[in-house]
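Here's the structure, in structure tokens; my notes come after.
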Amino acid sequence: MQRLYDFLRRHPTWVDGFWAFVLLGISGLGLVSMSGGNGREPTLLAVPAALGLCLAVALRRRATEPMLVLVAVIGVFQLVFDVETMPANFAMLVIIYTAAADGAQWASRFALVGGLCAAPLSMMRWSTGNVSVFGSVLFTIFQIVPFALAWVLGDSIRTRRAYLAQLEERADRLEKEREAQSKVAVAAERARIARELHDVVAHNVSVMVVQADGAAYVLDTAPDQAKKALETISGTGRQALAEMRRLLGVLRTGEPEEGSEYVPQPDVEQLDELIEQVRTAGLPVDYKVEGTPRPLPSGVELTAYRIVQEALTNTRKHGGENAGASVRLVYFDDGLGLLVEDDGKGAPHELYEDGGADGRGHGLIGMRERVGMVGGTLDAGPRPGGGFRISALLPLKPAH
């Protein structure tokens with residue numbers, strides 16, 4: 001039964017053909033038994049008229065406008081050749097509904113006008129005797145109502161279909177917008193992870209290289225210092241692996257976000273550990289905190305940590321052997337201030353912009369992206385008399 005229903009839905013012409021055949025049978029029976037009130041028999045011209053009307057029902061959805069014209073021609077044919085109304089004229093209601101629901105705009109209007117004119121013309125052509133003028137008018141109005149209702153029903157179906165089509169189009173558009181937003185979010189997340197990986201790798205690998213060089217230099221003369229340097233390399237490598245696992249875990253689906261192999265995102269409280277690690281690597285750092293420490297948004301804390309980490313990494317890369325650095329963390333009422341300076345020989349400003357002498361890192365570009373994400377400002381450039389300075393102001397509330 002379901003297959004038959006699906007077949008008929010896909011082939012509506014078969015349904016229309018069935019009802020056209022039924023209408024033809026009823027019309028045939030009517031023509032056989034029908035006789036006019038004045039004793040007249042139906043003429044042979046009623047047969048082609050009935051066939052044409054039934055054909056219009058069968059093809060109403062396949063060729064709506066041509067079938068509408070055919071029905072109109074048959075109606076005029078009946079008026080001219082005195083072929084009285086018969087059961088097949090029900091096709092006029094069907095075609096009016098179809099034109100209003102599926103036809104072109106001109107066809108819908110033509111069907112409405114034709115339907116409103118059919119009943120008055122029929123009354124004028126085949127007027128009933130012994131009926132008053134008032135009765136004729138009332139009967140004509142009664143005959144007009146089915147034609148008007150057929151058109152109204154078809155037009156309401158057209159309106160509903162247009163409304164549903166608009167809803168579907170809107171749903172499709174919203175779905176595409178959601179997909180576009182998801183792609184933008186994925187791209188932003190990839191960029192964030194790339195910055196995180198750059199900071200992790202650049203800082204920790206830099207520390208490991210410095211410690212490895214120092215261990216090789218004092219391996220024969222000071223074994224204890226070489227052992228300490230190797231321990232620092234081991235600890236730094238484990239820390240780098242833990243942070244990289246945390247970042248790469250974001251890209252994996254189906255894994256828990258929390259686990260023993262993941263570490264929390266760095267914050268300003270871990271600056272002490274970072275600076276101590278840098279000092280162990282051989283870079284003197286003066287660290288001071290001004291103002292009253294208090295909880296900060298996670299994005300601000302991560303940005304502050306990464307700026308200090310990147311700045312000290314650049315100092316180790318470009319500052320020279322006797323370079324020193326200072327870090328100032330200032331808590332304001334409405335923001336967090338950072339000032340990182342070094343007195344090394346520095347490198348050309350363009351190299352800092354490109355991310356280092358190798359030109360492969362993100363450098364200050366990554367810093368500015370981080371600061372921009374939290375609505376802050378960054379100022380970076382050479383210091384008078386040598387060295388480099390990076391200052392940043394991170395607001396505690398995002399800019400509107």
Side-chain angles (χ1 to χ4, degrees), residues 4-36 40-126 140 142-158 160-161:
L4 177 61
Y5 176 74
D6 294 338
F7 175 81
L8 294 178
R9 285 192 62 185
R10 293 193 301 267
H11 302 86
T13 304
W14 286 79
V15 180
D16 295 336
F18 170 77
W19 289 115
F21 181 78
V22 172
L23 182 61
L24 181 61
I26 295 174
S27 300
L29 294 175
L31 290 175
V32 171
S33 61
M34 185 178 63
S35 62
R40 295 170 49 194
E41 295 291 338
T43 65
L44 293 177
L45 295 176
V47 175
L51 291 174
L53 292 171
C54 294
L55 177 64
V57 172
L59 301 179
R60 65 186 182 94
R61 279 185 277 198
R62 182 180 292 272
T64 302
E65 290 80 7
M67 293 302 103
L68 175 65
V69 174
L70 175 62
V71 169
V73 171
I74 293 174
V76 174
F77 173 82
Q78 289 183 262
L79 291 174
V80 172
F81 293 97
D82 194 19
V83 180
E84 293 191 15
T85 57
M86 50 188 164
N89 285 113
F90 181 77
M92 292 183 175
L93 296 176
V94 176
I95 201 65
I96 288 174
Y97 161 81
T98 306
D102 302 323
Q105 192 68 30
W106 69 266
S108 176
R109 294 175 181 176
F110 181 77
L112 176 61
V113 174
L116 296 178
C117 295
L121 292 174
S122 176
M123 285 296 298
M124 291 174 59
R125 185 67 175 86
W126 300 289
T140 302
F142 179 77
Q143 286 185 318
I144 288 176
V145 170
F147 292 94
L149 290 178
W151 185 89
V152 170
L153 180 60
D155 189 68
S156 64
I157 293 295
R158 178 198 292 269
R160 180 175 178 81
R161 288 174 181 171

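Residue numbers run from 1 in the order of the sequence given. These values consider heavy atoms only, across backbone and side chains, with no hydrogens, waters or symmetry-generated copies. Only a predicted model underlies this, so the values are computations on that prediction, with no experimental measurement involved.
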With a 3.5 Å cut-off and sequence neighbours excluded, list the donor-acceptor pairs that the side chains of residues 101-117 form with protein atoms.
from: Asp102; atom 1: OD1; to: Arg161; atom 2: NH1; distance (Å): 2.2
from: Ser108; atom 1: OG; to: Trp151; atom 2: NE1; distance (Å): 3.1

Task: Residue pairs passing the salt bridge (charged side-chain N to carboxylate O under 4.0 Å, His left out) test where at least one lies in residues 63-81, sequence neighbours excluded - done: none

- [ ] Output every pair passing side-chain hydrogen bond (donor to acceptor under 3.5 Å, both in side chains) with a member in residues 68-79, not counting sequence neighbours, ordered by first then second residue.
- [x] Gln78-Asn89

Task: Listed partners of Pro120 passing side chain to side chain contact (heavy atoms under 4.5 Å, CB included), at least two apart - done: Thr140, Ile144

TODO: Give the minimum heavy-atom separation between Ser27 and Pro87, together with the two atoms involved.
DONE: OG-C, 3.8 Å

Task: Worked verdict on Ser156 versus Leu153 for side chain to side chain contact (heavy atoms under 4.5 Å, CB included) - done: CA-CA 5 Å; Ser156 64; Leu153 180 60; 4.1 Å; yes

Task: Pairs touching residues 147-157 that satisfy salt bridge (charged side-chain N to carboxylate O under 4.0 Å, His left out), sequence neighbours left out - done: none

Open item on the list: The test is side chain to side chain contact (heavy atoms under 4.5 Å, CB included); show your working for Thr64 and Leu68 and say whether it passes.
Closed with: CA-CA 6 Å; Thr64 302; Leu68 175 65; 5.6 Å; no

Open item on the list: Once side-chain hydrogen bond (donor to acceptor under 3.5 Å, both in side chains) is applied, do any residues pair with Arg61, and if so which ones, sequence neighbours excluded?
Closed with: Asp16

Name each donor-acceptor pair under 3.5 Å that joins a side chain in residues 90-97 to protein atoms two or more places apart or in another chain, with its distance.
none

TODO: Kindly write out the residues that satisfy side chain to side chain contact (heavy atoms under 4.5 Å, CB included) with Val22, not counting sequence neighbours, or none if the list is empty.
DONE: Phe18, Trp19, Ile26

Task: Residues in salt bridge (charged side-chain N to carboxylate O under 4.0 Å, His left out) contact with Arg125, at least two apart in sequence or another chain - done: Asp82

Task: From CG (Leu79) to CD1 (Ile74), nearest 0.5 Å - done: 12.0 Å

- [ ] Scan residues 50-81 for pairs that pass ring pair (Phe, Tyr, Trp, His ring centres under 6.0 Å), counting only residues two or more places apart or in two chains.
- [x] Phe77-Phe81

- [ ] Calculate, to the nearest 0.5 Å, the distance between atoms CG and CG belonging to Leu53 and Leu70 respectively.
- [x] 7.5 Å

TODO: Would you list the pairs meeting salt bridge (charged side-chain N to carboxylate O under 4.0 Å, His left out) in which at least one residue belongs to residues 86-100, sequence neighbours left out?
DONE: none

Task: Minimum-distance pair of heavy atoms, taken over all atoms of Ala100 and Arg158 - done: O-NE, 2.8 Å

